[in-house]
Structure formats: C-alpha cells, structure tokens
Amino acid sequence: TIAGDEKLQTILVTPNVRRAYAYPIPSADLNRKIATFREAVQNPSSDPKPLAAELYRMLIVPALASDLEQAHARTLMFSLDGALRYIPLAALYDGRRYLIEKYRLEVFTPASAARLKDEPKADWRLAGFGVTRAFGDFPALPNVAAELSGIVERDAIPGDVLLDDQFSQSALVDRLRRGYSVVHIATHFNFAPGDESRSFLLLGDGRRLTLAELDAMVNPFRGVDLLTLSACNTGVGDGRELEGLGVIAQRKGAKAVVATLWPVADDSTSEFMRAFYRLRQSEPRLAKAEALRQAQLRLLKGEARPAEPSAARGVRRTSADAPVKPRDWSHPYYWAPFFLMGNWL
C-alpha cells in the first residue's frame, strides 16, 4: 500500500500478476478515518462495521477483490504504509464477512525479508514469561498463570514458565541464550510515543525493560521461530521515529512476531493464546497464520465465553477503561488486535 497525498494505491503481486489499483482520498482524510475506526473497534459497545466496510472498499477496491478471487488467494501478505500500519486488517468488512473469515493475514516488514522462507523447527520448545501481580498503575493479570500453564502443560508444548519474581531481565536473557524456538511474554507494555526510554515491558520483579535497552542488545532473539508479545500495543509505533516493540524484536532476530494494536483484555487474550498454540500443535504443519486465523474465528463465532470482567494489559488511565463483563468475545475488540509479522509458515 502507498498512502499518497491525494490517493491510496494498492499494488497486488502474485506469481503471475503485478497490478496497481487506486482509490482517491487525501492522506489527511484517510488518517482521520483510520483513527475513527481504531476508536470504534476498541469500544465493545460500538458497531464498527460501517467504518470497517468503508475502509475495506478503499483498501481492497472491487477490481482488486475480483483479482484476489481469480488468483484463488488464501494468504494475504501486507506491506503497509503510514497510518495503515495501525489498522486491524482482520476487522475489515466486505458487507458480509470480515477479512479474517476469507484469508490468512500477515504483515510484511523489511526486517523480516531475509527470513520469510525459513522452515520453522519441527518441534517447538517454549520459554514463557508472565506477570500476574499488580504494580502501581498496572492491574493484576490473574489469567496469565493459566495462559502459560495451559500452553505448556495442557497443550503439550515442552518448555519452562517463569512467573513474577522469576521473570527478571537476567532470567529472560539467560533463556534467550538457550535456543528456545518459541518465546511467549505475557505482561503489561507501556508505549510512550517518541520516547524509547519510557516505552517498556513490565518485568515480573517490577522492573522495566525499555525499548532503548532492548535496542542496545545484540540479536537477543536470534533463532526464535516465534515471539508472542501477549501485552498491549506491542505492534504500535509512533509513525515517525520510534518503532514498535514487534518490529524491534524482528530486527533483533525473531523470525515471526505476534503483536497487538491496542490494550487487550486479560481473560479473552488468555483464551485466545491458548487456542492459538493448541491449534498449531494439533497439526504440526499448520501455518502460524492459519492457527492465528482459526483462534480469531473461535472468538468471533462465540465459541468461547467470558466468566468475569477482565483487566487490560496496559495502564488504566480513566474510569472509562474499567473492566466490564461482555456477553461474549465476538466483537472485534477482543480478536482483531492480534496480528502476525514476518514468517507465516
């Protein structure tokens, strides 16, 4: 995609076709629509479908939609420009179905180019890290323990789980050096636009691992097939100078990253992550992008339901952010923030 001053261009590349499409819209108008859509999709009491349909028609114009059908496409890899990097692709709506109901989705970044064709390891070993306790403005995350134990024990991915005090920076660095194929981090992430010293992952001992510190490390995620950042806003940058945590992790060696586009709910995220790994392990050759898609569809179709109100994996800034008890997790707020960057196999 290319978000120009006066039009949005989309370029389709397949083994047989290279074709460009355009939708006339000034970049300022496009950015406003994206911001409005992001606001709507993060409110579980709103109906984001009208905006989702409008953006769908801009990004996937009728000629492109027809060409995708003729190409029998099943996986769409997006290289996104400008504010489009922060749009929940899964929640785009064609008037009948969400985009995730039609395709596997993956986001291409330059940092992932060299590792797109790498075959994932046949047998995954997982290093899991989590925070369950409250620290200052960060609420407790009671579902993190079940999330990690469910992945390692019930979903039969061998590995280690380090919770709370065990999850220190030295423990993280130590496990990364041991060659685990999957690293799963379930905690809070605070993103401060324009300031990598105030953007940080909350560690289990209450300390903070800043983006500046992470950026100074030498390829800490080398050899990691999948890094899952089960926290808030881990796929968001500031659109100017500061990259998001997910992109930095790719530059630092991760072949693929599952990241998020807004503050996610603790309980639905726990359920989503366990379903994602369970699906991947049920069919070892199932692509990560397909396992992610099926986990999203599980929430969308109401196949999993909440029990209690849930905290968000980020700072609660206003009373409006207080947890509520939804009837189900079918609203895009719960399943659309998750996306895959890099190697989708």
*Between atom CZ of Arg280 and atom CG of Leu292, what is the distance when rounded to the nearest 0.5 Å?*
12.5 Å
*Output the distance between atom CG (Leu84) and atom CD1 (Ile34), rounded to the nearest 0.5 Å.*
4.0 Å
*Drop me the distance from Leu203's CG to Phe129's CZ, to the nearest 0.5 angstrom.*
10.0 Å
_Can a donor-acceptor pair be found, under 3.5 Å and without considering hydrogens, that links the side chain of Arg19 to the backbone of Ile11?_
no
*Could you walk me through whether Leu245 and Phe189 pass the side-chain contact (heavy atoms from CB on, under 4.5 Å) check?*
CA-CA 9 Å; Leu245 175 58; Phe189 178 66; 3.9 Å; yes
*Should Trp262 and Phe191 be regarded as members of a common hydrophobic cluster, given that ILVMFWY residues are connected when their side-chain heavy atoms come within less than 4.5 Å of each other, either directly or indirectly?*
yes
*asked:* Using a 3.5 Å distance criterion without hydrogens, assess whether the side chain of Thr75 forms a donor-acceptor pair with backbone atoms of Arg104.
replied: no
*Where is the tightest heavy-atom contact between Tyr86 and Val236, given as atom of each residue plus distance?*
CE2-CA, 4.0 Å
*In Å, rounded to the nearest 0.5 Å, how long is the span from CG of Leu172 to CG of Leu162?*
9.0 Å
*Answer yes if Leu55 and Ile2 sit in the same cluster of Ile, Leu, Val, Met, Phe, Trp and Tyr residues linked by side chain heavy atoms under 4.5 Å apart, and no otherwise.*
no
*Just by modelled atom types, is the Lys255 backbone N or O under 3.5 Å from a matching donor or acceptor in the Asp118 side chain?*
no
*Tell me, do Val41 and Leu51 make a side-chain contact under 4.5 Å, heavy atoms counted?*
no
*Between atom OG of Ser230 and atom CG of Leu141, what is the distance when rounded to the nearest 0.5 Å?*
9.0 Å
*May I ask you to decide whether Lys33 forms a salt bridge with Asp29, counting only side-chain N to carboxylate O separations under 4.0 Å?*
no
*So with a 6.0 Å cut-off around CD of Glu39, is the heavy-atom count from everything else above 12?*
no
*Just checking, any donor-acceptor pair under 3.5 angstrom between side chains of Ser170 and Ser168?*
yes
*Between Glu271 and Arg298, is there a side-chain N and carboxylate O pair less than 4.0 Å apart?*
yes
*asked:* Given 3.5 Å as the limit, does a donor-acceptor pair link the side chain of Trp124 with the main chain of Gln281, or not?
replied: no
*Any side-chain heavy atom of Asp215 sitting closer than 4.5 Å to one from Arg251?*
yes
*Going through the distances and angles, do Phe221 and Leu176 end up as a side-chain contact (heavy atoms from CB on, under 4.5 Å)?*
CA-CA 7 Å; Phe221 301 109; Leu176 290 175; 3.7 Å; yes
*Does the side chain of Ser45 come under 3.5 Å of the side chain of Asn43 through a donor N or O and an acceptor N or O?*
yes
*Look only at the side chain of Arg57 and the backbone of Tyr23, and say whether a donor-acceptor pair between them is shorter than 3.5 Å.*
no
*Is there a side-chain contact between Leu340 and Val258 (heavy atoms, below 4.5 Å)?*
yes
*So, for Leu299 and Ser268, which heavy atoms are closest and what is the spacing to 0.1 Å?*
CD2-O, 4.2 Å
*Which atom pair, heavy atoms only, marks the closest approach of His188 to Pro139?*
NE2-O, 2.8 Å
*Would you kindly confirm whether Val182 and Leu286 end up in one hydrophobic cluster when ILVMFWY residues are joined by side chain heavy atoms under 4.5 Å apart?*
no
*Is there a side-chain contact between Leu89 and Val107, using heavy atoms and a 4.5 Å cut-off?*
yes
*Considering only heavy atoms from C-beta outward, does the side chain of Leu227 approach that of Ile185 to under 4.5 Å?*
yes
*Minimal non-hydrogen separation, Asp164 against Arg133, with atom names*: OD1-N, 3.6 Å
*Verify, without hydrogens or angle tests, whether Glu106 (side chain) and Gly342 (backbone) share a donor-acceptor contact under 3.5 angstrom.*
yes
*Are Leu148 and Leu279 in one and the same hydrophobic cluster, where Ile, Leu, Val, Met, Phe, Trp and Tyr link if side-chain heavy atoms are under 4.5 Å apart?*
no
*Heavy atoms from other residues, nucleotides or ligands near CG of Asp47 exceed 12 (cutoff 6.0 Å)*: yes
_Working note: Phe339 + Leu105, criterion side-chain contact (heavy atoms from CB on, under 4.5 Å); need CA distance, chi angles, decisive distance, verdict._
CA-CA 8 Å; Phe339 70 103; Leu105 303 174; over 6 Å; no
*Look at the aromatic rings of His331 and Tyr334 and report parallel, tilted or perpendicular, splitting at 30° and 60°.*
perpendicular
*Can you hop from Ile100 to Leu261 via hydrophobic side chains spaced under 4.5 Å?*
yes
_Quick check on Arg18: does its CZ atom have over 12 non-hydrogen neighbours (other residues, nucleotides or ligands) under 6.0 Å away?_
no
*asked:* I'd like to know if Lys102 and Asp94 make a salt bridge, using a cut-off of under 4.0 Å between side-chain N and carboxylate O.
replied: yes
_Residue pair Val161 / Ser149, side-chain heavy-atom distance below 4.5 Å_ = no
*So Leu229 and Phe338, side-chain contact (heavy atoms from CB on, under 4.5 Å) or not? Walk me through it.*
CA-CA 10 Å; Leu229 298 169; Phe338 307 103; over 6 Å; no
*Considering only heavy atoms from C-beta outward, does the side chain of Thr14 approach that of Asp67 to under 4.5 Å?*
no
*Take the angle between the ring planes of Phe138 and Phe200 and call it parallel below 30°, perpendicular above 60°, tilted in between.*
perpendicular
*Give, for atom OG1 of Thr1 and atom CG of Leu80, the distance between the pair rounded to the nearest 0.5 Å.*
4.5 Å
*Does the Ser330 side chain pair with the main chain of Gly302, one donor and one acceptor, at a distance under 3.5 Å?*
no
*Counting distance only, does the side-chain N/O of Ser270 pair as donor-acceptor with the main-chain N or O of Val144 below 3.5 Å?*
no
*Asp81 side chain to Ala3 main-chain N or O, any donor-acceptor pair under 3.5 Å?*
yes
_Ignoring hydrogens, what is the shortest heavy-atom contact between Ala265 and Tyr333? Give both atom names and the distance._
N-OH, 3.6 Å
*Asn190 side chain to Arg198 main-chain N or O, any donor-acceptor pair under 3.5 Å?*
yes
*Report the C-alpha distance between Tyr277 and His184 in whole Å, list the side-chain angles of each, state the deciding distance to 0.1 Å, and finish with yes or no for ring-ring contact (aromatic ring centres under 6.0 Å, His included).*
CA-CA 11 Å; Tyr277 286 106; His184 185 103; 5.4 Å; yes
*Might you point out which heavy atoms bring Arg115 and Ala254 nearest each other, and give the distance in Å?*
NH2-O, 3.3 Å
_Heavy-atom check, side chain of Met217 versus side chain of Leu214, under 4.5 Å_ = yes
*Would you tell me whether Thr234 and Thr260 have side-chain atoms, one donor and one acceptor, within less than 3.5 Å of each other?*
yes
